Participant: 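First the structure, which I've put down as structure tokens, then a few questions once you've had a look.
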Amino acid sequence: MKRIVLIASLLLGVTGGTPALAAPIVVSTLSSWDGSSSIGDFGSSGFSGWGQFLVAPTGSNRLLDFTFLLSDALKGSNTNPVPVTFTAHLVQYNPFTRYVVGPLLYSSAPVTVPLTAGPDFDTYTFDIDAEVTAGSTYMMFLFANNYELRIPDDSRLRLATANTDLGGGAYNIPWDAESDLDGLLSGQWRFTAGQDLAFAATFDFRPTNEVPEPSAVVLMATAGAAGLWATRRRRVAGHAA
């Protein structure tokens, strides 16, 4: 029991306790959505990708989550429609050159949007928890995995749009409407400044220079425990002699 308490004390001494963290920063246009405005089409009969870019706010170094509003845009009379399946991705983005910067920072598992008879919008939130740099621009975009479908043409989505102008951000679509994922990452995008999707993004700040890596903490604790064990062993041996 004493050994466990001592190891715990060692860990607390290394970390210095848990510092107080600032409240998360939420960037959102959801409150300005009128409940019906949207843009499309995204899927088999439209663009293979669609996204929103924004600037990481001052005082943040993590993007925790991102939210979109999506609706299946079922149209026509096809009797065997196929729903759109998509993946969500986070990248750093240069709004001046309109190219993605660097590798993928996050990719979701495939998501299938249920077919509906009308424009019923559902909320899709992606738990990301990725490192970002305050002042840099990032884009969260959706890629329609089955965008190559031509029959049925009903397989497409609409994204809710906000009646607001987010400074430093806008919705985004690729120049090549039918780009595959590699094309979206390497090709140029285009956007209409001042028009945003209805979305929300949660940023946070996580100290990185005050807390050692978990492996380092475990190593220190192990070394401390080993030292205690060795000391105790030496004392026992001396007593026996």
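No experiment lies behind these values; they were computed from the predicted model shown.
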Participant: Atom OH in Y138, atom CZ in F203: separation rounded to 0.5 Å?
Facilitator: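 Here the interatomic distance stands at 8.5 Å.
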Participant: Going hydrophobic residue to hydrophobic residue with side-chain gaps under 4.5 angstrom, can you get from L181 over to M139?
Facilitator: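 Same cluster: L181 reaches M139 through Ile, Leu, Val, Met, Phe, Trp or Tyr contacts under 4.5 Å.
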Participant: Which residues pass the side-chain contact (heavy atoms from CB on, under 4.5 Å) test with A134, not counting sequence neighbours?
Facilitator: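 Testing A134 for side-chain contact (heavy atoms from CB on, under 4.5 Å), a comparison that skips the adjacent residues, returns S60.
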Participant: Side chains of L159 and L142: closer than 4.5 Å at any heavy-atom pair?
Facilitator: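 With C-beta onward as the side chain, the pair touches.
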Participant: Does the side chain of F68 reach to within under 4.5 Å of the side chain of Q52, using non-hydrogen atoms?
Facilitator: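 Yes - at least one pair of side-chain heavy atoms lies under 4.5 Å apart.
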Participant: Quick one: do F126 and D65 satisfy side chain to side chain contact (heavy atoms under 4.5 Å, CB included)? Show the steps, please.
Facilitator: CA-CA 5 Å; F126 305 92; D65 59 51; over 6 Å; no
Participant: Identify the two heavy atoms, one from I173 and one from G49, that lie closest to each other, and give their separation to 0.1 Å.
Facilitator: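 Looking at all heavy atoms of both residues, the shortest contact is CG2-O, 4.1 Å.
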Participant: When you compare the side chain of D41 with that of F47, does any pair of heavy atoms fall below 4.5 Å?
Facilitator: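 No, side chains not in contact.
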Participant: Could you tell me which non-hydrogen atom of V113 sits nearest to which non-hydrogen atom of P83, and how far apart they are?
Facilitator: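 Closest pair (atom of V113, atom of P83, distance): O-CB, 3.2 Å.
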Participant: My understanding is that only residues two or more places apart in sequence, or in another chain, count here; which of them pass side-chain hydrogen bond (donor to acceptor under 3.5 Å, both in side chains) with T85?
Facilitator: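 For T85 the side-chain hydrogen bond (donor to acceptor under 3.5 Å, both in side chains) partners, ignoring immediate neighbours, are T112.
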Participant: Share the residues that join W175 in a hydrophobic cluster, the rule being Ile, Leu, Val, Met, Phe, Trp or Tyr side chains under 4.5 Å apart at the heavy-atom level.
Facilitator: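 W175 clusters with nothing; isolated.
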Participant: Short question: side chain of N145, backbone of T87 - any donor-acceptor pair under 3.5 Å?
Facilitator: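 Checked: pair present.
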Participant: Quick one: pull up CD in Q195 and CG in L166 and give me the separation to the nearest 0.5 Å.
Facilitator: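 The CG atom of L166 is 13.0 Å from CD of Q195, to the nearest 0.5 Å.
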Participant: When Ile, Leu, Val, Met, Phe, Trp and Tyr are grouped by side-chain heavy atoms lying under 4.5 Å apart, directly or through other members, which residues fall in the same group as L30?
Facilitator: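 Members besides L30, by chain and number: W33, L69, F121.
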Participant: How long is the gap from CH2 on W50 to CG on N172, to the nearest 0.5 Å?
Facilitator: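 Between W50 CH2 and N172 CG, I get 10.0 Å after rounding to 0.5 Å.
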Participant: How about Q92 and S136: do any of their side-chain heavy atoms sit closer than 4.5 Å?
Facilitator: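 With C-beta onward as the side chain, the pair touches.
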Participant: Any chain of hydrophobic side-chain contacts (each under 4.5 Å) joining V132 to V26?
Facilitator: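 No: no chain of side-chain contacts under 4.5 Å links V132 to V26.
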Participant: Could I get the full list of side-chain hydrogen bond (donor to acceptor under 3.5 Å, both in side chains) partners for S37, not counting sequence neighbours?
Facilitator: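 Result, side-chain hydrogen bond (donor to acceptor under 3.5 Å, both in side chains) vs S37: D34.
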Participant: For a 4.5 angstrom cut-off between non-hydrogen side-chain atoms, does L104 reach V91?
Facilitator: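 A side-chain contact under 4.5 Å exists here.
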Participant: Say whether, by atom type as modelled, one donor and one acceptor occur between the side chain of S48 and the main chain of D180 under 3.5 angstrom.
Facilitator: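 Side chain of S48 to backbone of D180, a donor-acceptor pair under 3.5 Å: no, none is there.
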Participant: Please determine, by modelled atom types, if T125 and T67 share a side-chain donor-acceptor pair under 3.5 angstrom.
Facilitator: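 There is such a pair between these side chains.
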Participant: Is there a side-chain contact between W189 and T97 (heavy atoms, below 4.5 Å)?
Facilitator: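 They are not in side-chain contact.
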Participant: Give the minimum heavy-atom separation between P24 and T202, together with the two atoms involved.
Facilitator: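 Heavy atoms of P24 and T202 come nearest at CB-CG2, 3.8 Å.
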Participant: Please find the pair of heavy atoms, one from A201 and one from L63, that lie closest to each other, and give the distance.
Facilitator: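 In terms of heavy atoms, the two residues are closest at CB-CD1, 4.0 Å.
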Participant: Which residues pass the side-chain hydrogen bond (donor to acceptor under 3.5 Å, both in side chains) test with S38, sequence neighbours left out?
Facilitator: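 So S38 forms a side-chain hydrogen bond (donor to acceptor under 3.5 Å, both in side chains) with R158.
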Participant: D129: which residues meet the salt bridge (Lys or Arg N to Asp or Glu O under 4.0 Å) condition with it, sequence neighbours left out?
Facilitator: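 Counting only residues at least two positions away or on another chain, D129 forms a salt bridge (Lys or Arg N to Asp or Glu O under 4.0 Å) with R62, R206.
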Participant: Nearest 0.5 angstrom please: S186 OG to D176 CG, how far?
Facilitator: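 Rounded to the nearest 0.5 Å, the OG-CG separation comes out at 10.0 Å.
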Participant: Would a 4.5 Å heavy-atom cut-off, applied to side chains only, mark L197 and I39 as touching?
Facilitator: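 Contact flag for L197/I39 side chains = yes.
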Participant: Suppose we screen for ring pair (Phe, Tyr, Trp, His ring centres under 6.0 Å). Which residues come up paired with F143, at least two apart in sequence or across chains?
Facilitator: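 Testing F143 for ring pair (Phe, Tyr, Trp, His ring centres under 6.0 Å), a comparison that skips the adjacent residues, returns Y147.
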Participant: Between atom CG of L70 and atom CG of D122, what is the distance when rounded to the nearest 0.5 Å?
Facilitator: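 Those atoms lie 8.5 Å apart.
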Participant: Is any side-chain heavy atom of F199 closer than 4.5 Å to one of M140?
Facilitator: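 Contact flag for M140/F199 side chains = no.
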Participant: Quick check: closest heavy atoms across A130 and L105, and the distance to 0.1 Å?
Facilitator: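 It is CB-O, 4.1 Å.
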Participant: Please round to the nearest 0.5 Å and tell me the distance separating atom OG of S71 and atom CG of D120.
Facilitator: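 Nearest 0.5 Å value for the OG-CG distance: 6.0 Å.
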Participant: Under the side-chain hydrogen bond (donor to acceptor under 3.5 Å, both in side chains) rule, collect the residues that match up with Y171, sequence neighbours excluded.
Facilitator: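 Scan of Y171 (side-chain hydrogen bond (donor to acceptor under 3.5 Å, both in side chains), adjacent residues dropped) gives none.
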Participant: L64 and F205: same hydrophobic cluster, using ILVMFWY side-chain contacts below 4.5 Å?
Facilitator: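 In one cluster with L64: F205, no.
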Participant: Under the side chain to side chain donor-acceptor pair (under 3.5 Å) rule, what pairs show up with a residue in residues 98-110, not counting sequence neighbours?
Facilitator: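 Non-adjacent pairs meeting side chain to side chain donor-acceptor pair (under 3.5 Å): H89-S107.
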Participant: For T137, check side-chain contact (heavy atoms from CB on, under 4.5 Å) against everything at least two apart and list the hits.
Facilitator: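 If we apply the side-chain contact (heavy atoms from CB on, under 4.5 Å) test to T137, skipping adjacent residues, the hits are F53, V55, Y93, P95.
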